[in-house]
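Structure, as structure tokens:
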Amino acid sequence: MRVGLFGGTFDPVHNGHLRVAEEVREHFGLEKLYFIPASVQPLKRHTKVSVAVERMKMLRMAIRSNKFFYASPVEIQRGGISYSIETINVFAAQHDEVYFLVGLDAFSEIDQWKDYRRIFEETHLVILARPVHARVDYRDLFPPDVKPDVRIIDDTTYEHRCGKTIFFHRVTQLDVSSTMIRQLAHRGASIKYLVPYSVERYIKQGGLYTK
């Protein structure tokens with residue numbers, strides 16, 4: 001089975017997340033795409049986030065109508081700092097092909113991740129490139145000690161010596177972020193059409209992000 005993994009804080013999940021995930025799922029023919037809320041993101045460990053149960057509830061509401069989307073509590077249940085390589089290993093042991101989605105900005109810092117060289121060996125990578133990244137030379141984004149292990153297939157595709165592929169995939173850029181939504185909700189402004197209706201209602205009824 002070919003599955004996708006989409007990690008993040010999802011505080012809250014918004015329409016930008018959902019649209020990107022759908023585009024990747026369709027393009028790569030993924031049979032399942034798992035949204036995986038982090039317990040604590042390693043590079044954002046001092047950032048305040050909503051409790052895990054709230055983020056997971058909103059995520060399940062948001063993906064309910066898409067039969068290909070699933071919410072996985074694997075990192076929340078594991079607790080502590082959420083390391084991508086540990087999550088990838090869990091899914092790689094259960095599925096034939098794993099595609100790990102990561103934003104281009106995050107990928108540019110992958111050399112700060114735990115066991116980052118192993119990530120290239122264990123999963124295909126789908127780097128989410130937006131129109132704003134049009135002038136970026138993708139080759140420059142690979143860590144120096146990984147560059148010798150990859151070869152160019154075409155302008156947006158590279159292959160690791162272990163056989164895994166790195167795709168720089170252009171996705172729709174929606175001008176929305178979780179930070180923006182939290183700020184709007186905090187001051188009582190509308191978040192309509194930025195998040196699914198069920199998530200909007202949940203945030204309003206629960207008074208999330210108002211304190």
Can you find a pair of side-chain heavy atoms, one from K164 and one from E122, that are under 4.5 Å apart?
-> no
Backbone N or O of M1 within a donor-acceptor pair of the D96 side chain at under 3.5 Å?
-> yes
For M180 and L184, what are the C-alpha separation, side-chain angles and deciding distance, and is it a side-chain contact (heavy atoms from CB on, under 4.5 Å)?
-> CA-CA 6 Å; M180 174 201 302; L184 289 171; 4.0 Å; yes
Give the table of side-chain donor-acceptor pairs shorter than 3.5 Å for residues 6-15, with sequence neighbours excluded, one pair per line with atom names and distance.
{"residue": "T9", "atom": "OG1", "partner": "Q41", "partner atom": "OE1", "Å": "3.1"}
{"residue": "D11", "atom": "OD1", "partner": "S50", "partner atom": "OG", "Å": "2.7"}
{"residue": "D11", "atom": "OD1", "partner": "Y209", "partner atom": "OH", "Å": "2.7"}
{"residue": "D11", "atom": "OD2", "partner": "S50", "partner atom": "N", "Å": "3.0"}
{"residue": "D11", "atom": "OD2", "partner": "S50", "partner atom": "OG", "Å": "3.4"}
{"residue": "H14", "atom": "ND1", "partner": "G16", "partner atom": "N", "Å": "3.0"}
{"residue": "H14", "atom": "ND1", "partner": "H17", "partner atom": "N", "Å": "3.3"}
{"residue": "H14", "atom": "NE2", "partner": "H17", "partner atom": "NE2", "Å": "3.4"}
{"residue": "N15", "atom": "ND2", "partner": "Y193", "partner atom": "O", "Å": "3.0"}

With a 4.5 Å limit on heavy-atom distance, are the side chains of Y34 and H95 in contact?
-> yes
Give the intermediate values and the outcome of side-chain contact (heavy atoms from CB on, under 4.5 Å) for residues F69 and E22.
-> CA-CA 9 Å; F69 286 176; E22 177 63 8; 3.7 Å; yes
Are the side chain of S39 and the backbone of G80 linked by a donor-acceptor contact shorter than 3.5 Å?
-> yes
Any chance you could measure K67, atom NZ, to E31, atom CD, to the nearest 0.5 Å?
-> 11.5 Å
Would you please indicate if the ring centroids of F35 and Y70 are separated by under 6.0 Å?
-> no
Check: A38 main-chain N/O paired with R55 side-chain donor or acceptor under 3.5 Å | yes
Considering only heavy atoms from C-beta outward, does the side chain of E159 approach that of V150 to under 4.5 Å?
-> no
Tell me yes or no: between the side chains of E121 and H160, is some donor less than 3.5 Å from an acceptor?
-> no
State, yes or no, whether a side-chain contact exists between D140 and Y138 at a heavy-atom distance under 4.5 Å.
-> no
Neighbour count above 12 (heavy atom, 6.0 Å) for R64 CZ | no
Checking T123 side chain against V98 main chain: does a donor-acceptor pair fall under 3.5 Å?
-> yes
Are F168 and Y158 near enough that their ring centres are under 6.0 Å apart?
-> yes
L174 and V24: same hydrophobic cluster, using ILVMFWY side-chain contacts below 4.5 Å?
-> yes
Begin with the C-alpha distance, continue with both residues' side-chain angles, and end with the deciding distance and a verdict on side-chain contact (heavy atoms from CB on, under 4.5 Å) for W113 and I119.
-> CA-CA 9 Å; W113 297 17; I119 292 175; 3.6 Å; yes
In terms of hydrophobic clusters joined by side-chain contacts under 4.5 Å, are I203 and Y197 together?
-> no
With sequence neighbours left out, what residues match S65 under side chain to side chain donor-acceptor pair (under 3.5 Å)?
-> none
K57 NZ to L59 CG distance, which is reported to the nearest 0.5 Å = 13.5 Å
Would you please say whether a donor-acceptor pair under 3.5 Å links the side chains of E75 and T87?
-> yes
When you measure from the centre of the six-membered ring of F142, is the NZ or CZ of K147 under 6.0 Å away and within 45° of the axis?
-> no
Does the side chain of R118 reach to within under 4.5 Å of the side chain of N89, using non-hydrogen atoms?
-> yes
Greater than 12 external heavy atoms within 6.0 Å of E26's CD = no
Check whether any side-chain heavy atom of V3 lies under 4.5 Å from a side-chain heavy atom of E97, and answer yes or no.
-> no
Between L101 and L33, is a side-chain contact (heavy atoms from CB on, under 4.5 Å) present by the stated rule, with each step listed?
-> CA-CA 10 Å; L101 284 63; L33 194 147; 4.3 Å; yes
With sequence neighbours left out, the residues meeting ring pair (Phe, Tyr, Trp, His ring centres under 6.0 Å) with F28 are Y99, F167, H169
I152 reachable from V136 in the ILVMFWY side-chain graph, under 4.5 Å edges | yes
Determine whether I36 and V74 make a side-chain contact, defined as any pair of heavy atoms from C-beta on separated by less than 4.5 Å.
-> yes
Can you tell me if D154 and T157 form a side-chain donor-acceptor pair at under 3.5 Å?
-> yes
Are more than 12 heavy atoms from other residues, nucleotides or ligands located less than 6.0 Å from atom CG of D145?
-> yes
More than 12 heavy atoms of other groups within 6.0 Å of D155 CG = no
Any L104 side-chain heavy atom under 4.5 Å of L128 side chain | no
